[in-house]
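First comes the structure, then the notes that go with it.
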Amino acid sequence: MYSALCDRKSRVTSASGPPSSSRRAALQSLAFGAIVLAAGGTVALVRGRGYTVTRKRPLVSLAPWELAVVVHAARRIAAPDRPDRSIPSADDLDVAGFIDSYVARMSRPMRRDLSRAFLYLEQVAPITLGLRDRFTDLSADDQDRVLLALESSPLMLLRGAFAGIKSLVFMGYYRDPRTWSILGYDGPWVAKVPHAPGDAPP
Amino acid sequence: MHRGREMSGALTLKVDAVVVGTGAGGSIALRELARAGLSVVGLEEGGAHTFADFTQREDEMLPLLFQDMGGRTTSDMCIRVLQGRGVGGSTVHNTNLCKRTPDAILERWARTHAVVGAGPADMRPAFEQIEHELSVTPIPEASMNGNNTVLRDGVRALGWRGGMLSHNRVGCQKSGFCELGCAYDAKQNAAKVVVPEAILAGAEVYADVHADRVIVRAGRVVGVHGVLTGPDGEPRGELTVFARVVVLAGSAVGSAALALASNLPDPHGQLGQNLRLHPGGVVAGKFDRAIDAVRGIPQSYECTEHLSFEDSSDRRAWIVPAFAHPIGTASSLPGFGAPHMRAMRDYGHLAVLTAMVHDETRGRVTLDRDGRPSLDYELSPGDRDQLGRGLAACARLLFAAGAREVTIPAIVPRRLTRPSDLDRLDLRHADPRDFPLTAVHPMGTMCMGDDPARAVVRSTGEHHQVHGLFVLDGSLFPTSIGVPPQISIYAFALHLAPHAIAAAKG
C-alpha cells in the first residue's frame, strides 16, 4: 500500500536534527489557525458567492459552499490511477452526498471544526501558495498542489484538517462495493456467513 | 436494559451503587456489586447493541462503536486514539488479546508507587478467574492468517523471540472483522459474558446516558447526574442516580474527564496526569504472493524480542501484525489521488506490522472549551527512540519473511527495496509527527497508590479525598503495562470490587 508514495521522493535516512516540541507546534498551529480562519472569514465575505447546488435530495448538514468544497476535494483525493471508465469516480458514487449525511451524525463541536477546515481549504490555503482563486475555482493541478501543501504542512492543525477531509472522502469512496474490485476485497462476510443464531443479550 | 434514546423527561433513582461505564472494568464492578445483593445501576454513554447490529462495514461501525466516530486524536493531532463506546466498551471492538499484567510491572508499582496488595501473588486468583470466565485459550498455530504467518516466519528467520497469543473467542468464524464488532457473537467479552451476568444478578443498565457530573457533598459521593441522549446524540432528558458508592469505569480518558468536569478535589494536581497510550506505528511489506491479511484472526502471533518490563528498559517495543479494512487502510496511507489508488491495488499482497511502544511519556487529560476530553501527549525522546527502533525491527522482520519491498508510511515515506537499505535506516531522531500513529490502550490519569501526593485513588481503588468514590478501570495504572490492558482491567476490577461492596454496605 504504502508504495503509493512512489511518485514522491522517499528517503531512507533520518530527518536532520531533533524534532521541535509538538506541544509548542500545536499552540503555534492554533494561533496560526485562528489568524487564518479570521482572514478566511473576511475573504469569504468578499468572494463567498456563486455556489449553486443542484441535487435531488436536500442537504442535511453541509452548506452549499461546503458541499462544493467537498465535491472538488473528493474528485482530487479519490482520483483514479488510470483512464478506465470502469473505475467509479467520486461523483459516480456521490461521495459528497454521503459526507453530507455522515457529518449530520457528528457532534456540534466536530461539525464546527470540520467547517473551519473546509473554510481554510477553500479560501485561505490557495492564497498561501500564491493562488488568487478559491479552491473550487482552481485547475485540478493547482487543487492537487493545495492538498499536498496541506498534507505536508509543518503545522499539525493543517495536517489534521487534511487528514479529516481525506478520511471522509475515502469513507465515502471505499464504502461502495463498486470500488472493491480495485482492492481485490470481497466485502463483508455477513452476506455469505449469516449472523450467529441464538438469543441476543438481554 | 434501558435505552436513553427511548426515554425522555427527568428521572431520579436511588440505589446502593452506580457504575459509570460498562466495559471491562465497569461490567465486573456491576456484576460483583449485584451479586453481593446490592441494588446497582450501570450508566453507558453509548448504545446497547447485539451481534446482529454488527454489519462488518466501517462506515456504519465507526460511528456506532467508537468515541468521536473513530476520529479522536491527541490534541496535537499526532496520534489517533481509538476508544470504544457502547455496552461492553472497547471489549466489543478489540482483537481479543489476553495477557496478564507482567509481574515486573506489578512489583514496580509496589516498590515505587506505594501500591499495596496488588503484587503477583495477590493478583493471580483474579487473573485465573477472569481467564476462566472469558474462556481464554492460546490460538492454535494452524489458525494463523497470512499476516501473522509473515511475522512468525520473520521471527524464526532472525532467531528472535516470539510466540502465539491467547484470546477470548469461542466459535470464531475467522472473518477478520473483530475490530468492527463480532457478527458471530464469538467474542467472550464484557457485553456477551459479564453484563448479562450482572443483569441476571439484579443490576440495571441504562445505555445512551452521558454522565456529566459526580455529585459530592461534604467529602462524600452521593450520586451521578447524566443526560439521556438520542441516536443523534442530542439530549432527550436527564437521569440522576443517588447512591452511597459511585464507581468510575469509563476509561482512562472518560473517567478523568468526568472527574475534571465534576471539580473533584485534587490537592496535589494528580487528576488527569500520567496518561499513557501505547502509541504504535506501522510498517508494510509487499510480497509477490497473496497475503490476504484482511481475513482470518487479525493478531495471533507476537514478537517480544524488543520488549522487556524492567525499570528503564531500553527494549520497549512490542510487535504484532496490524491490518485494516479498506477505509482504514486508505485513510492511513499517505498521499491521495492516482498514486494512492495505485498503492491500494497492492492491498491483497501486503503484510503490515505494528510496533507498539511500552511508553514512559506522561501525557494528561484535560477538558477543552466545549467540555470535551483533550489528550495532551508529546512523545518523550526515549519513546521516540523506541518507536524508531520498533519500526526498524518491523522492517527487518518483513524482509526476513520474504518481502520484496518495505515501506514505512510517513509524510516522506521510507521506502526500502532491499535488506541492505536497513543499514542506512536511522529513525532515532525522526519526528514522530511525520508518522501515522495510533493508540488503543489509554491508561493512567487517576492512578492508584497509598501516597495521596502521588496518586488519585488508594490501593483499594477508593478516591483519596472523596469517600465512596471508586475508580475501577485502566485509569488506575501508575505506569504503562506494556501489554494489551483488557485482562488487567477486568482483573483489577475483580480484585478491588470487595472494597466497593464493603463501602456500599456501609
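- Comparing Met77(B), Arg372(B), His349(B), Arg295(B) by how many heavy-atom pairs each has under 4.5 Å with chain A, the most go to Arg295(B).
- The greatest number of non-hydrogen atom pairs below 4.5 Å with chain B, out of Ala78(A), Ser181(A), Gly160(A), Pro80(A), is found for Pro80(A).
- Residue Arg72(B): no heavy atom, backbone or side chain, is found under 4.5 Å from chain A.
- Two residues are said to be in side-chain contact when any heavy atoms from C-beta on lie closer than 4.5 Å; Val92(B) and Lys187(B) fail this criterion.
- Neither the backbone nor the side chain of Arg75(A) comes within contact range of chain B; no heavy atoms are under 4.5 Å apart.
- Remark: Arg159(A) engages Asp434(B) in a salt bridge, criterion side-chain N to carboxylate O under 4.0 Å.
- Residue Ile165(A) holds its CD1 atom at 12.0 Å from CD of Glu151(A), rounded to the nearest 0.5 Å.
- Summarising the geometry, atom CZ belonging to Phe336(B) is positioned 9.0 Å from atom NZ belonging to Lys166(A); distances are rounded to the nearest 0.5 Å.
- The candidate with the highest count of non-hydrogen atom pairs below 4.5 Å against chain B, out of Ser167(A), Gly184(A), Ser107(A), Pro109(A), is Pro109(A).
- For Asp292(B), no part lies near chain A; criterion is any non-hydrogen pair under 4.5 Å.
- Chain B forms the most heavy-atom pairs under 4.5 Å with one residue out of Arg76(A), Met106(A), Arg105(A), and that residue is Arg105(A).
- Contact annotation for Asp59(B): both backbone and side-chain heavy atoms come within less than 4.5 Å of a heavy atom of chain A.
- Note: Tyr174(A) and His325(B) fail the aromatic proximity criterion, with ring centroids not under 6.0 Å apart.
- The parts of Tyr102(A) that come within reach of chain B are both its backbone and its side chain, each placing non-hydrogen atoms under 4.5 angstrom from that chain.
- The ring of Phe323(B) has its center closer than 6.0 angstrom to the ring center of Tyr347(B).
- There is no contact between Leu168(A) and chain B, counting heavy-atom distances below 4.5 Å.
- With a threshold of 4.5 angstrom between heavy atoms, Thr73(B) does not approach chain A through any atom at all.
- Each of Met69(B), Arg85(B), Glu58(B) was evaluated against Pro63(B); a single residue qualifies, Met69(B), per the side-chain contact (heavy atoms from CB on, under 4.5 Å) test.
- Between Arg414(B) and Asp421(B) there is no salt bridge, since none of the side-chain N atoms of the basic residue sits less than 4.0 Å from a carboxylate O of the acidic one.
- Contact tally against chain A (heavy-atom pairs below 4.5 Å) for Pro381(B), Ala52(B), Cys182(B): the top residue is Ala52(B).
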